[in-house]
> 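Here it is, the structure in full.
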Amino acid sequence: NNILFFLSTSLVIFTVINAISDELSFYSGIAYNFLGSFINLISITPGNIGVKEGLIILFNDLHLISYELIIITSFVERLTSIITLFTFQFILEKKRKSIWISINIMNTCLVLAYNEEKFIEKNLIDIKRLFDKIIVVNDGSTDNTKEKIENLDLDNLLLIDNKKNLGAGKSLEIGIEQFIKSNQDYLIKIDGDNQFKIEDIEMLLELTKEKYDYIKCDRFWERGIEGKIPTIRYIGNALANLMIKFSTGNWKINDPLNGLFMFSKKSLENFNLPKIFNRYGYPFFINVYMNKQILDRNIKMAQIRNTVVY
C-alpha cells in the first residue's frame, strides 16, 4: 500500500511537471528560433561595435538557455512516461494477483464433533462466513449434536454422520476423503468444542495465500493457553514433544498433539492414517507424515502460535 501510494503520488507530480514542461518546451522553441534570428540580425547590422558585441553575447547566452530548456523538458517527458508505465504495470500486477486469489483459492473447514451440543452451534456460526465449504463429521454423538447442526440449515455445510463412534482419527480421515473429492484447495481442521480462537483460524486462512502446503500450530508459549490444561495432558504433551523431535529430526517442531491444522490438497493426495491412530494420537502421526513429505515431495511447511481455551 505504501509503495502504491508513493507511485501514485509520483505519477501525479510528474504529470503536473510534464504539463508545465510542455508549455516551457513550446515557448522555449519559439524563443530559440527568435533569438537565433535576432542574433543573425544584430551580427549584420552596422552600429556601435561594443554594444553590438555585448548584445550578441547576451543573446547567445539566452539562446543557450532556451536550448537547455528544450533538453530538460524532453528529459522530463521521458521520465514521466517511464514512471507512468511502471505505475500502471505495478497496479495491474496487484490487481491480477488479487483477482487470482479471490477466484482460485477455495477453502474448506473440517469440524470433528463428538457430543458437542453445548458448543457446536456457536462454533459453526462463527466460521460460516470464512469458508466456501464446511464439512462436519459427527462421530456417533449420543447427545443432540446432530440435531443442533441440522437446525442451523447452513447452505455451505455438509454433515457426515457416523452411525457409531469411530474415533477422532478415523473421522478426520473420512473428512479428508470428502475434501479430496471436492474442488476445494485448502482444508483447515478444527474441533467442535470451540477451543480454537477465530483469530487463529483467520490467520491460517490468510496464510493460504502464501501457498503453504501444511501449517501446524503451537500452544506452548506465553499466551498459548487460556484456562488450566489438565496435568495429565501437559505431561503427555511434554513427552510427545520430545518424541516428535527424535522421530522427525526437526528440533524446531513443538506441540505435536495440537489439533489445529491447515492442509493443501497436494499435501493430502496420498494420505492414509494407520488404524492404530483411529482414536488417539493422530496429530502426532500427521506431523511425522508431513515432515517426511518435506523431503519426499518438497512441500512448504510452517508452524505458528495459537491459543487454546480450556
Side-chain angles (χ1 to χ4, degrees), residues 107-114 116 119 123 126-127 130 135 137 139 167-173 175-176 179 186-208 210 212-264 267-268 271 273-274 276-294 299-310:
N107 300 309
T108 293
C109 184
L110 172 59
V111 184
L112 304 186
Y114 175 67
E116 302 294 357
F119 308 105
N123 207 350
D126 285 347
I127 65 171
L130 300 176
I135 301 170
V137 181
D139 191 23
K170 187 61 180 177
S171 295
L172 171 79
E173 192 172 37
I176 287 175
F179 166 70
Y186 287 91
L187 178 71
I188 292 178
K189 178 265 164 188
I190 67 173
D191 295 321
D193 55 9
N194 216 29
Q195 276 195 312
F196 300 126
K197 296 227 169 197
I198 197 71
E199 295 86 357
D200 295 325
I201 296 170
E202 289 174 333
M203 186 187 300
L204 288 175
L205 281 170
E206 189 64 27
L207 287 170
T208 61
E210 304 298 324
Y212 283 98
D213 292 299
Y214 174 63
I215 298 179
K216 70 169 298 297
C217 294
D218 175 17
R219 83 195 99 171
F220 293 110
W221 60 290
E222 185 182 352
R223 296 189 299 277
I225 296 173
E226 289 188 4
K228 183 172 175 59
I229 183 172
T231 303
I232 190 66
R233 283 199 180 186
Y234 191 87
I235 294 172
N237 273 284
L239 291 173
N241 228 12
L242 186 61
M243 289 172 62
I244 196 71
K245 296 179 191 300
F246 282 108
S247 300
T248 63
N250 183 351
W251 289 85
K252 294 181 180 179
I253 194 169
N254 290 313
D255 196 7
L257 300 181
N258 195 315
L260 181 59
F261 305 102
M262 186 273 282
F263 306 94
S264 71
S267 71
L268 294 171
F271 181 78
L273 186 71
I276 192 173
F277 295 105
N278 276 357
R279 292 198 172 274
Y280 306 107
Y282 72 88
F284 188 93
F285 173 80
I286 288 173
N287 282 299
V288 174
Y289 176 83
M290 290 299 171
N291 271 269
K292 187 174 184 298
Q293 294 293 299
I294 295 173
I299 68 167
K300 187 178 179 182
M301 173 183 170
Q303 176 176 268
I304 65 169
R305 291 174 170 179
N306 76 315
T307 300
V308 178
V309 180
Y310 290 92

> Are the side chain of K189 and the backbone N or O of I176 linked by a donor-acceptor pair below 3.5 Å?
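Checked: no pair found.
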> Is D191 reaching over with its side chain to a backbone N or O of D193, donor-acceptor style, under 3.5 angstrom?
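Not a single qualifying donor-acceptor pair exists.
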> Could you go through L110 and F179, starting from their C-alpha distance and side-chain angles, then the distance that decides it, and tell me whether this counts as side-chain contact (heavy atoms from CB on, under 4.5 Å)?
CA-CA 9 Å; L110 172 59; F179 166 70; over 6 Å; no
> Would you say L239 has more than 12 foreign heavy atoms packed within less than 6.0 Å of its CG?
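For L239, atom CG is crowded (more than 12 foreign heavy atoms under 6.0 Å).
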> I'd like to know if the side chain of W221 and the backbone of N306 have a donor-acceptor N/O pair within less than 3.5 Å.
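Yes; at least one donor-acceptor contact below 3.5 Å.
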> Is atom OH of Y310 surrounded by more than 12 heavy atoms (other residues, nucleotides or ligands) closer than 6.0 Å?
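Result for OH/Y310: enclosed.
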> Measure the spacing between CD1 of I201 and CD1 of I190 and express it to the nearest 0.5 Å.
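Answer for the CD1-CD1 pair, I201 versus I190, is 4.5 Å.
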> Determine the minimum heavy-atom distance between S247 and V288, stating which atoms define it.
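It is CB-CG2, 4.2 Å.
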> For the residue pair C109 and I127, what are the closest heavy atoms and their distance?
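Looks like SG-CD1, 3.7 Å.
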> May I ask you to check whether over 12 heavy atoms, not counting those of I198, lie within 6.0 Å of atom CD1?
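Enclosed: over 12 neighbouring heavy atoms sit under 6.0 Å from CD1 of I198.
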> Answer yes or no: is there a donor N or O on one side and an acceptor on the other, between the side chain of D139 and the main chain of A113, under 3.5 Å?
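No: the side chain of D139 does not pair with the backbone of A113.
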> For the residue pair M290 and F261, establish whether any side-chain heavy-atom pair is separated by less than 4.5 Å.
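Counting from C-beta outward, M290 and F261 never come under 4.5 Å.
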> Verify, without hydrogens or angle tests, whether K216 (side chain) and N254 (backbone) share a donor-acceptor contact under 3.5 angstrom.
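Side chain of K216 to backbone of N254: a pair is present.
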> Between Y280 and L257, is any pair of side-chain heavy atoms under 4.5 Å apart?
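A side-chain contact is absent here, since even the closest heavy-atom pair is not under 4.5 Å.
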> Measure the spacing between OG of S171 and CG of N278 and express it to the nearest 0.5 Å.
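If we round to the nearest 0.5 Å, S171:OG and N278:CG are 9.0 Å apart.
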> Report yes or no: does Q293 contribute a side-chain atom to a donor-acceptor pair with the main-chain N or O of I299 at less than 3.5 Å?
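Flag not set: sc Q293 to bb I299 has no pair under 3.5 Å.
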> I need the D213 CG to K300 NZ distance, nearest 0.5 Å.
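So the gap between those two atoms works out to 8.5 Å.
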> Taking all atoms of both residues into account, what is the closest heavy-atom pair of N241 and P256, and its distance?
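Scanning both residues, the minimum pair turns out to be OD1-CD, 3.3 Å.
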> Which residue, N291, L268, N287, I294, forms the side-chain contact (heavy atoms from CB on, under 4.5 Å) with Y214?
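Answer to the side-chain contact (heavy atoms from CB on, under 4.5 Å) test with Y214 among N291, L268, N287, I294: N287.
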> Would you check if E116 and N123 make a side-chain contact, meaning some heavy-atom pair closer than 4.5 Å?
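Sidechains of N123 and E116: no contact.
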> With rounding to the nearest 0.5 Å, note down the distance linking CG in N237 to CG in L242.
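Rounded to the nearest 0.5 Å, the CG-CG separation comes out at 12.5 Å.
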> Between CG of L260 and CD1 of I188, what distance do you get to the nearest 0.5 Å?
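Between L260 CG and I188 CD1, I get 7.5 Å after rounding to 0.5 Å.
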> What's the shortest heavy-atom distance between Y212 and Y186, and which atoms?
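Here Y212 and Y186 meet closest at O-CE2, 3.0 Å.
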> Determine whether a donor-acceptor pair (N or O, by modelled atom type, separation under 3.5 Å) exists between the side chain of Q195 and the backbone of V309.
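Yes, the answer is positive, given that a donor and an acceptor are paired below the 3.5 Å cut-off.
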> Report yes if some heavy atom in the side chain of L112 is under 4.5 Å from a heavy atom in the side chain of Y282; otherwise report no.
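Counting from C-beta outward, L112 and Y282 do come under 4.5 Å.
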> Just by distance, do the side chain of K245 and the backbone of I253 share a donor-acceptor pair under 3.5 Å?
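Side chain of K245 to backbone of I253: a pair is present.
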> If you measure from CH2 on W251 to CD1 on I244, what distance do you get to the nearest 0.5 Å?
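Going from CH2 on W251 over to CD1 on I244, the span is 11.5 Å.
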> Assess whether side-chain contact (heavy atoms from CB on, under 4.5 Å) is satisfied between L204 and D200, documenting all intermediate values.
CA-CA 6 Å; L204 288 175; D200 295 325; 6.0 Å; no
> If you look at every heavy atom in F285 and P274, which pair is closest and at what distance?
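Shortest heavy-atom contact: CZ-CD, 3.4 Å.
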